[in-house]
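Worksheet for the structure shown next.
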Number of protein chains: 2
Amino acid sequence: MAEEIKVHSEEALTEEEIFNQDAPRKKLKVTNAFQQLMNPNKPKPKQQQKPERSTGGNPFKNRMGLGAYLDDPASFPASIVIAHDNEFVVIHDKFPKATVHTLILPRSSKCNLKHPFDAFDDPELLVKVKVQVEKVKSLVAAELQRKLGTYSEAERDRQAVLDGKVDLKPGQDLPKGRDWAKEIKVGVHAVPSMTHLHVHILSRDMHSESLKHRKHYNSFVTEFLVDIDDFPLPKDDPRRRTKEEGYLARDLCCWRCGKNFGAQFKQLKEHLDGEFDKWKRE
Amino acid sequence: MAEEIKVHSEEALTEEEIFNQDAPRKKLKVTNAFQQLMNPNKPKPKQQQKPERSTGGNPFKNRMGLGAYLDDPASFPASIVIAHDNEFVVIHDKFPKATVHTLILPRSSKCNLKHPFDAFDDPELLVKVKVQVEKVKSLVAAELQRKLGTYSEAERDRQAVLDGKVDLKPGQDLPKGRDWAKEIKVGVHAVPSMTHLHVHILSRDMHSESLKHRKHYNSFVTEFLVDIDDFPLPKDDPRRRTKEEGYLARDLCCWRCGKNFGAQFKQLKEHLDGEFDKWKRE
DNA sequence: TATTCCGATAGTGAC
DNA sequence: GTCACTATCGGAATGAG
Ligand SMILES: Nc1ncnc2c1ncn2[C@@H]1O[C@H](COP(=O)(O)O)[C@@H](O)[C@H]1O
Ligand SMILES: Nc1ncnc2c1ncn2[C@@H]1O[C@H](COP(=O)(O)O)[C@@H](O)[C@H]1O
Ligand SMILES: [Zn+2]
Ligand SMILES: [Zn+2]
């Protein structure tokens, strides 16, 4: 069977190289000190009054952070912004949860503040996104090859033939090498935290220092991650009603062998170290 | 009204001064490594098998720690063992929860492993304990005077007259100085953790570095501390059924002004710093 | 289900 | 509700020219 995605390129994930600065920042705050009165009732864990909220806050802070890429994608180096055109900005996730983790940001202001379930009810947008996804999957596959190809047994078998170190037997095909595209997941979070519409494209290994707690992990290995291929999402799909559901509170289970770690995140992390070593050698 | 307890002594809490060593320790362990099998079910937060339990363990470890004082009280310096005779050993709590915190340990092997509620059903023991309590309260009061007397306003008023710096008006009595005995609490925990029978005698300030969490605090400021004067405890006293009661999980409230800190232990601690400064100056 | 800091909570191990 | 250690869980701020 033919590979649909070419994954043997040696290119890294770069298209443009316009350097500039980080996301712009503004500040405007008035700080007032408030006296805390004797409190006869149980205080909620907030103990101080907040200073007055200032008017005219600043863009691209906190949950608005992805807006900076849409606002001026050319201002970022290629190590951050992978590619951009009038329709999309493609970036490296700043806190990658896997060896390769990128985001596709649709630029259209008509849709890019919508919830993905609503935004992708628009078939025109959805088809564009799916086309863009295929392109980015190729880039991510190439990046996996660049980072991990030397460990891969399948790649070594192929390379041995290419290098003339092993001769093909009569009628034998050139070994295919590793199909990295099969190791890539694409989808959106059922309840995103970042405001701007974005699609995750990431390798499935979940091996990353930025993966720091149970919700990080479960948000990519449970139905909380809604595959792009599931769109358009049926009106009655139960994931449309994901709110404070249990997906993220589920037991931690290894994506590769299924082993259950309960709530023991650190134990899972150590196990994932070992699974990563085996996975990259496949 | 006459003071019942003389608290103006300048003696520190010492009676004997036989030095020796800390509680004895022995070791005997066999360590085996066990292979952890793949676990299809949620593990409880224990992840490793324990090594085989060794036979003939060592006394006076962990919850048995108070036994060392009963076993050989003379082996401890006066800075640890305050006094001892055939009936009692009196010690400084190794992790004091207040400025002065001592323990009375009855030596009788007939009672000293009983729960205090059961042990104090014996009227003969109870009366001896109450007599001993009064002696130790005097020692603790003297220790408070030694540590904090210089800060006390009541003490300064008395001392000014004693030093001849202030003259008594006709018919005026010598100021009494501070009644430190009123600042002392005596009782047992409804559910002790240390195995050997012990009575707490401590100042009420709860100002100590060893006071580290909510249960420490609430175990001395709620009904979890059963006053020695409440014994003999009625058979139907609800505190006899203290097990998983809510005493220790209660909101943190300042013993001095009643302010409620909810679960905010650190906030309470900072508040207690201030209360201690005011309290010691009374 | 943004990150980061900080603190409260919870389980274990104690030779 | 021994202590000490680790880790998990949980709220609140996130900005000072
Ligand atoms: N400033 C940022 N730049 C790039 N990626 C970000 C930034 N802040 C957060 N992220 C990523 O954005 C994603 C948002 O996830 P979610 O909103 O749950 O779909 C996460 O994977 C974050 O790591
Ligand atoms: N080795 C020890 N020497 C002296 N006091 C101790 C020792 N270990 C624990 N304690 C104290 O013993 C008391 C036991 O409290 P409880 O069993 O809750 O009544 C606590 O106040 C501890 O600080
Ligand atoms: Zn596994
Ligand atoms: Zn107070």
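In what follows, every chain begins at residue 1, and chains take the letters A, B, ... in the order their sequences are listed.
Contact annotation: A:Lys212 side-chain N/O to D:dT8 OP1/OP2 distance is not under 4.0 Å. Within the structure, every side-chain polar atom (N or O) of A:Lys61 is placed at least 4.0 Å from both OP1 and OP2 of C:dT4. Proximity of A:His216 to the phosphate of C:dT1: a side-chain N or O atom is located under 4.0 Å from OP1 or OP2. Side-chain N/O atoms of B:His213 include none lying less than 4.0 angstrom from OP1 or OP2 on C:dA10. Taking only side-chain nitrogens and oxygens, B:Lys97 comes nearer than 4.0 Å to OP1 or OP2 of D:dC3.
Contact check of residues 192-205 of chain B against DNA chain D (heavy atom, cut-off under 4.0 Å) returns B:Ser193, B:Met194.
Counting only heavy atoms from C-beta on, A:Ala263 has its side chain closest to D:dC9 among C:dA14, C:dT4, D:dC9.
If you take CZ of B:Arg214 and C1' of C:dA8, they are 8 Å apart, rounded to a whole angstrom. Atom CG of A:Leu105 and atom P of C:dA2 are 16 Å apart (whole Å). Put simply, OH on A:Tyr217 is 17 Å from C1' on C:dT1, counting in whole angstrom units. Summarising the geometry, the separation between CD on B:Gln264 and C1' on C:dC6 is reported as 12 Å, rounded to the nearest angstrom.
We find that B:Asp205 and B:Arg256 are not joined by a salt bridge, their nearest charged nitrogen and carboxylate oxygen being 4.0 Å or further apart. Looking at B:Glu223 and B:Arg250, a side-chain N of the basic residue comes within less than 4.0 Å of a carboxylate O on the acidic one, giving a salt bridge.
Closest of all the heavy-atom pairs between A:Phe231 and A:Phe120 is CD2-CB, 3.7 Å.
Among B:His200, B:Lys97, B:His189, B:Arg214, the one residue that satisfies the side-chain hydrogen bond (donor to acceptor under 3.5 Å, both in side chains) test with B:Ser219 is B:His189.
The side-chain hydrogen bond (donor to acceptor under 3.5 Å, both in side chains) search around B:Asp227 returns none, not counting sequence neighbours.
A:Lys266 comes within 4.0 angstrom of the backbone, heavy atoms only, and of no base. Using a 4.0 Å heavy-atom cutoff across all strands shown, A:Tyr247 reaches no nucleic acid atom at all. The residue B:Phe265 sits close only to the backbone: its heavy atoms come under 4.0 Å of sugar-phosphate atoms, none of a base.
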Pairing pattern in dot-bracket form [Watson-Crick, G-U; both distances under 3.5 Å; | = partner strand] for DNA chain C: .|||||||||||||.
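Using bins of under 30°, 30° to 60° and over 60° for the plane-to-plane angle, the ring pair B:Phe261/B:His271 lands in the tilted bin.
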